[in-house]
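Throughout, a chain's letter reflects where its sequence line sits, starting with A, and its residues are numbered from 1. All values derive from a computational prediction rather than experimental measurement.
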Number of protein chains: 2
Amino acid sequence: MARPDDTGAKPTLNDVARAAGVSLATVDRVLNARAGVRPATIARVQNAIAELGYVRDTAAANLARRRLYEMAFLLPDTDNEFVAALRDAVAEQATGASVHRTRPTVVPVAPFDPQALADAVDALPASLDGVALFGPETPAVRDAVRRARERGIAVVALVSDLPSSERDHFVGIDNVRAGRTAGRLMGRFTRRSGRVVVLTGSRLARDHLERRQGFDQVMAEYPHLEVGASIEGRDDANRVAAMLARVLSEGNDVVGVYSSAAGNAGLIRALRTMPHDVTVIAHELTPTTRAALMDGTFDALIVQDAGHLVRSAIRLLRASADGAAFDPGQERIRIDIHLRENVPLSPEDTP
Amino acid sequence: MARPDDTGAKPTLNDVARAAGVSLATVDRVLNARAGVRPATIARVQNAIAELGYVRDTAAANLARRRLYEMAFLLPDTDNEFVAALRDAVAEQATGASVHRTRPTVVPVAPFDPQALADAVDALPASLDGVALFGPETPAVRDAVRRARERGIAVVALVSDLPSSERDHFVGIDNVRAGRTAGRLMGRFTRRSGRVVVLTGSRLARDHLERRQGFDQVMAEYPHLEVGASIEGRDDANRVAAMLARVLSEGNDVVGVYSSAAGNAGLIRALRTMPHDVTVIAHELTPTTRAALMDGTFDALIVQDAGHLVRSAIRLLRASADGAAFDPGQERIRIDIHLRENVPLSPEDTP
DNA sequence: TTGAAAGCGCTACCAC
DNA sequence: GTGGTAGCGCTTTCAA
């Protein structure tokens, strides 16, 4: 739909005011949906806006308003390295807050505790522009999300979706596809037949379940590989090491390990005691997984870039707060595959 | 280094003027390095700027200046699908030019013709803020780049670096590592021993040479695979199909094909006549390669995201024009590996 | 060589 | 309900 005035100078609020035969102040009122304007006037102004193809200059508006976008990242309070990478990415974006007029802060929330998450959401000040949530969805969380949005706070789900909540966006990967990707690499990388061990964090976490599901879909195409029940490591390195040692000692036929969660330090420890021909696929790029990839302990990493996640969340929260559009192509989080050959050289997490 | 006034309101030009005991206009003069200010005054102002930790509000400056960033993308005038994806990405960014105050345009340049590229650079109007170049580096190009920068035009090299030119940035991937990545996938995906065929575009293109070099480094680790001389397809599907048909007919021992350039349509045609157990690794995500990946003709794609390349080039050109900082983590172009399982679902190039 | 003042496009306050 | 008007932080005439 070509506007009649694509010809050059884009229309300003002044143009709209003139066209509608009202004052600047009135145009501003209808533009910002403020009360106290007669319906007839509203219509006149909206007509003019449509006619002229007016689009508001956010930079000028933010300048006049001295606007500062305040947003909170509710992240589980664990020592999980991936979460640490998210925290670092938030901190990095907070630097130069004045430049972007955006101040993101991290709010730690008790991990694996939906009620704590819901409470944290309710405790958010209404002055906040947006919030990014990383946690499991329960009815309590869903209701808290609804209340937050009613208070005018934009909400995005981070890493793990809240599908039945009315969040504005989901920022993260499709975990079924991530699991499928891991499965494909496992199927093509392994040469011998035998057992494949799957490590998960918690059977309750939606993202872990989805990864397992996708992994199994693809593994079904490789009859030479037999996948056992998930080992629930709870992201705890010691627990992972102990449970895995037991499984590995049960026989010499383990040819692959799919580590779909955290706790990789324990996995690495257990593998040191093994003959080295086990194909290992893990998730996320952290100092631990990166070192394991580089020294050949791990064969591939399935990664969602923490910096990208955080930047995308911020852009989407800002767009939601402004009621503005966004670039879907830019906000699509990719499922990255990292081999030793293509892992980023100096990532944020190894300074 | 913590500034004394991290405490809240960031200093404005007015604060600087007051601190230096001069007028706003004078501060503006030294800030923008305009002539006609006494050295002593300059020093006073710069002191005040440093003291206060002043950082200019680009948004306000652009508003006052009614600034529009104009930038050109000099792209080879071919029907290469990857270049088409770049063109599309530029067009997409041009939409909403008024919102970003940035208008990128594509300037087609005769392909494989360094002199044409150099001439195109020289023909750029000095009013331009920046230019992104995709092409081979020769002395003529290098000199043209220098002249452009002397005329105040920021320059980034796109996809293929211009290492000995004084370009402001390189936006693209490390092609040696990209080749290594392809090599690793080839080595781990193939099961039988035999020959591996390498398809290249031109032996002159720096990026293709580097890919081949990286590929060979890794292939040396796989003694069961024997790599022959590159087939120079010149990105021409018919030529590729013909040359490849000849090679494939020479024996039944071809187990892999590494297509390091364009012309994949020809490769696909040639493969249709073959028994299907050839591992194929190609570059870039286009409608052709995507279809081949999805139907199993190709096994993996090594990709640099066109949207990311273009957005990054624009951000860097804008930063160079403003003399502003940028986020290195955001501008690092990743070497993406796409399998059928993790290829983006609805990319820009298949609408 | 320096300063005063009028804007850029928009918001917000205060009158009428 | 509606309109004037003084800014937001910066740039840019035009005078002095």
- Item | Integer-rounded Å distance: C:dC8 C1' and B:Asn62 CG | 11 Å
- Item | Residues which pass salt bridge (Lys or Arg N to Asp or Glu O under 4.0 Å) with B:Arg29, listed by chain and number, not counting sequence neighbours | none
- Take the C1' atoms of the five end pairs on each side of the helix from C:dT1-D:dA16 to C:dC16-D:dG1, derive the two axes, and give their angle rounded to 10 degrees. 40°
- Contacting residues from residues 31-46 of chain A, given that a heavy atom lies under 4.0 angstrom of DNA chain C: A:Asn32, A:Arg34
- Would you mind checking if B:Asp129 and B:Arg318 are paired as a salt bridge, meaning a charged N to carboxylate O distance below 4.0 Å? no
- Query: Is A:Glu331 salt-bridged to A:Arg315, cutoff N-O under 4.0 Å?
  - Reply: yes
- salt bridge (Lys or Arg N to Asp or Glu O under 4.0 Å) against B:Asp161, all qualifying residues, sequence neighbours excluded: B:Arg167
- Message: Going by the rule side-chain hydrogen bond (donor to acceptor under 3.5 Å, both in side chains), which residues pair with B:Thr41 if we only count those two or more places apart in sequence or in a different chain?
- Response: none
- When the distance from CG of A:Leu24 to P of C:dG7 is rounded to whole Å, what number comes out? 15 Å
- Message: My understanding is that only residues two or more places apart in sequence, or in another chain, count here; which of them pass side-chain hydrogen bond (donor to acceptor under 3.5 Å, both in side chains) with B:Glu70?
- Response: B:Arg103
- Applying side-chain hydrogen bond (donor to acceptor under 3.5 Å, both in side chains), name anything that partners A:Ser160, two or more places apart in sequence or on another chain. none
- Message: Assuming nearest nucleotide by heavy-atom distance, tell me which of B:Arg29 and A:Leu63 is located more 5' along DNA chain C.
- Response: B:Arg29
- Message: Using the salt bridge (Lys or Arg N to Asp or Glu O under 4.0 Å) criterion, which residues pair with A:Asp77? Sequence neighbours excluded.
- Response: none
- Note on the structure: With a 4.0 Å cut-off (strictly under) to non-hydrogen atoms of chain A, the first and last hit nts on DNA chain D, 5' to 3', are D:dG1 to D:dG9
- Integer-rounded Å distance: C:dG9 C1' and A:Asp57 CG: 6 Å
- Task: Please work out which residues in residues 12-23 of chain B have a non-hydrogen atom less than 4.0 Å from an atom of DNA chain C and list them by number.
- Result: B:Val22, B:Ser23
- Item | Earlier contact from the 5' end, DNA chain C, for A:Ala59 and B:Ala25 | B:Ala25
- Task: Please work out if A:Arg56 contacts a base, only the sugar-phosphate, or nothing of the nucleic acid, heavy-atom cut-off 4.0 Å.
- Result: sugar-phosphate
- Got a sec, which residues hit side-chain hydrogen bond (donor to acceptor under 3.5 Å, both in side chains) with B:Arg66, two or more places apart in sequence or on another chain? none
- Task: For the pair A:Asp305 and B:Arg332, find out whether any cationic side-chain nitrogen is under 4.0 Å from an anionic carboxylate oxygen.
- Result: no
- Quick one: do B:Asp322 and B:Arg56 make a salt bridge, cutoff under 4.0 Å? no
- With B:His169, which residues qualify under ring-ring contact (aromatic ring centres under 6.0 Å, His included), at least two apart? B:Phe326
- Query: So, B:Asp57 and A:Arg101, do they make that salt bridge, N to O below 4.0 Å?
  - Reply: yes
- Message: Taking any heavy-atom pair under 4.0 Å as a contact, classify A:Ala61: base, sugar-phosphate, or nothing.
- Response: sugar-phosphate
